[in-house]
There are 2 protein chains.
Amino acid sequence: MADVKKTNAASRRGEITETATALFLEKGFAGTSMSDLAQACGIRKASLYHHFPGKEDLFIACVTEGYSGAMDEIAQIYATDAMEDTDKVRATFDCLYHSTIEAPVGRLSPLIAEVSRSMPNVARSFHNNYIELQRDMVEKIILAGVENGAFLPQDIDVLLHLIFGPIVTLSLSREMFATFDDIDERYPVQSLKDGHVDTILRILTEPAFATAQG
Amino acid sequence: MADVKKTNAASRRGEITETATALFLEKGFAGTSMSDLAQACGIRKASLYHHFPGKEDLFIACVTEGYSGAMDEIAQIYATDAMEDTDKVRATFDCLYHSTIEAPVGRLSPLIAEVSRSMPNVARSFHNNYIELQRDMVEKIILAGVENGAFLPQDIDVLLHLIFGPIVTLSLSREMFATFDDIDERYPVQSLKDGHVDTILRILTEPAFATAQG
DNA sequence: GTCTATACGCTGATAGAC
DNA sequence: GTCTATCAGCGTATAGAC
């Protein structure tokens, strides 16, 4: 606690995972070598093995560290009493768009897909400790609004499909086409987020819309 | 034309790309070796180099072949006169869900993300020859319905965000968690598709819904 | 905790016989 | 067109000095 470094990497271990995460996101797991990592960290390859038993363990540390605390902000939104339900939904969307598109954690999905067969335990951990928690939290926020009478009853699985789908896909598109110089015009975050949340709120609140719903 | 084989691989080259595509989808580009490929194809490694100059060219052939003709079915939907606009949308969704989740072409996205920095031309080609064409086709189908008066005017960028997003994300989720034995209960295709298309059609046709729209 | 040195299998790729 | 044989280099990982 004495003097905290400016970087969020407290120990050397943290510095390494932080650098490694950036490299893994850029070149994939198999495409990133321990030599690459050592060079990027400014140390020798052998020194990496002092901090981690092997490449796979290092990777697991990156993923695990990626989603630690990722749920805090959205949990606060759920817990607060100082917001209307519609504003909670807007704040939730701000959170989700940010954590999925800008923060490392949301950009991990293609990486998990790459290693899903060779490290199924990593995929399982990512699912249980991130995807599912996030999903449950959003579900709770919606259902609280339904209980309040602010929102209409919903098919929650379909609604979550419509909430998370566009966000994750936008993140994936921006990874796939990261080298395009017109990426921000082709795949803009702000305007799509605004239109997305407006549509979801209309689904949640427009009585005429709900009539045919099961 | 004389006697066509049952497989869609006409030549040996096609057999190789077909096998290679499956391997690349399973283990990624960097994670798949030419030895793996040779073994899976039942030939020796050196023979692969008779058909393709190198690993990267083989990969490009897989991707290119993946989306050749992928647009035919959806183009037919657009062209036909024998369907109502709402049925065209439903048929389009059937197409999109199938091509994105089951066919190789739609499952390529995480692969493209993996190689996007090292092979930006592949990403560009995938975008121009598949993503953009598919997007334009769906846009045309929607706008035709608007012209007919069957659909209400739309913010088309946001609407496409809401159409493609959930589909691509469902595909990605099913790749990430392919090893789960409850994958079909957690990430079911049919029920999410049905709810998704119903919601989109309500957005397209419900007057009360459109009032606040730009 | 970081270094140099090294082991050694596997990588993509080539040469040349059949 | 497929094979055997072979290459140089890079891959992860380890041993042991400082």
Side-chain angles (χ1 to χ4, degrees), chain A residues 2-3 5 7 9-65 111 114-115 117-119 121-122, chain B residues 2-3 5 7 9-65 111 114-122:
Chain A
D3 62 341
K5 300 255 282 297
T7 165
S11 63
R12 189 52 173 271
R13 219 184 117 99
E15 282 179 41
I16 293 172
T17 52
E18 200 172 331
T19 307
T21 299
L23 271 187
F24 283 136
L25 287 174
E26 202 175 308
K27 315 204 294 178
F29 174 73
T32 304
S33 74
M34 295 297 273
S35 307
D36 293 337
L37 289 176
Q39 193 162 27
C41 293
I43 58 175
R44 297 287 164 168
K45 198 172 30 165
S47 303
L48 290 175
Y49 288 89
H50 174 76
H51 299 278
F52 301 91
K55 189 187 180 185
E56 199 170 309
D57 308 83
L58 173 49
F59 178 73
I60 291 172
C62 290
V63 175
T64 308
E65 197 170 284
L111 260 182
E114 183 196 338
V115 305
R117 268 88 172 185
S118 58
M119 306 184 214
N121 53 322
V122 175
Chain B
D3 60 341
K5 299 254 282 294
T7 165
S11 64
R12 189 54 174 270
R13 220 184 117 99
E15 284 180 38
I16 293 172
T17 53
E18 199 172 332
T19 307
T21 299
L23 272 187
F24 282 137
L25 287 174
E26 202 175 308
K27 316 206 291 177
F29 174 73
T32 305
S33 73
M34 294 298 274
S35 307
D36 293 336
L37 289 177
Q39 193 162 26
C41 293
I43 58 175
R44 298 287 165 170
K45 191 166 50 157
S47 303
L48 290 175
Y49 288 90
H50 174 77
H51 298 279
F52 300 92
K55 189 188 181 185
E56 198 169 310
D57 309 84
L58 172 48
F59 177 72
I60 292 172
C62 290
V63 175
T64 308
E65 197 171 282
L111 260 182
E114 183 196 339
V115 305
S116 60
R117 268 87 171 186
S118 58
M119 306 184 212
N121 53 322
V122 176

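These numbers come from the heavy atoms of this one structure, side chains and all, not from hydrogens, waters or symmetry mates. Chain A is the first sequence line, chain B the second, and so forth, proteins listed ahead of strands; every chain is numbered from 1. Nothing here was measured: the structure is a model prediction, and the numbers come from that model.
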Fill in: Short side-chain N/O contact from S33(B) to OP1 or OP2 of dT11(C), under 4.0 Å
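The answer is yes; a side-chain N or O of S33(B) sits under 4.0 Å from OP1 or OP2.
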Item to complete: Please test I43(B) against L48(B) for side chain to side chain contact (heavy atoms under 4.5 Å, CB included), starting from the C-alpha separation and ending with a verdict.
Response: CA-CA 8 Å; I43(B) 58 175; L48(B) 290 175; 3.9 Å; yes
Worksheet item: Between which nucleotides of DNA chain D, read 5' to 3', does contact with chain B run, using atoms under 4.0 Å from its heavy atoms?
Response: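 It runs dG1(D) to dT4(D).
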Any chance you could measure [X], atom [atom1], to [Y], atom [atom2], to the nearest 0.5 Å?
X       : Y       : atom1 : atom2 : result
L111(A) : L25(A)  : CG    : CG    : 5.5 Å
M119(B) : E114(B) : CE    : CD    : 8.0 Å
D36(A)  : T19(A)  : CG    : OG1   : 12.5 Å
C41(B)  : L23(B)  : SG    : CG    : 7.5 Å

Fill in: DNA chain C contacts made by residues 46-61 of chain A, counting heavy atoms under 4.0 Å
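Per residue number, the list reads A46(A), S47(A), H50(A), H51(A).
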Interatomic distance, [X] [atom1] vs [N] [atom2] [rounded to whole Å]:
X      : N       : atom1 : atom2 : result
K45(B) : dT14(C) : NZ    : P     : 12 Å
M34(B) : dG9(C)  : CE    : P     : 23 Å
Q39(B) : dG12(C) : CD    : P     : 13 Å
L37(B) : dT11(C) : CG    : P     : 11 Å

Item to complete: Test side chain to side chain contact (heavy atoms under 4.5 Å, CB included) on R12(A) and E15(A) and set out the steps.
Response: CA-CA 5 Å; R12(A) 189 52 173 271; E15(A) 282 179 41; 3.7 Å; yes
Worksheet entry | Side-chain donor or acceptor of T17(B) paired with backbone N/O of G14(B) under 3.5 Å |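 Yes.
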Worksheet item: Is it true that a side-chain atom of K55(B) and a backbone atom of F29(B) form a donor plus acceptor pair closer than 3.5 Å?
Response: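 Checked: pair present.
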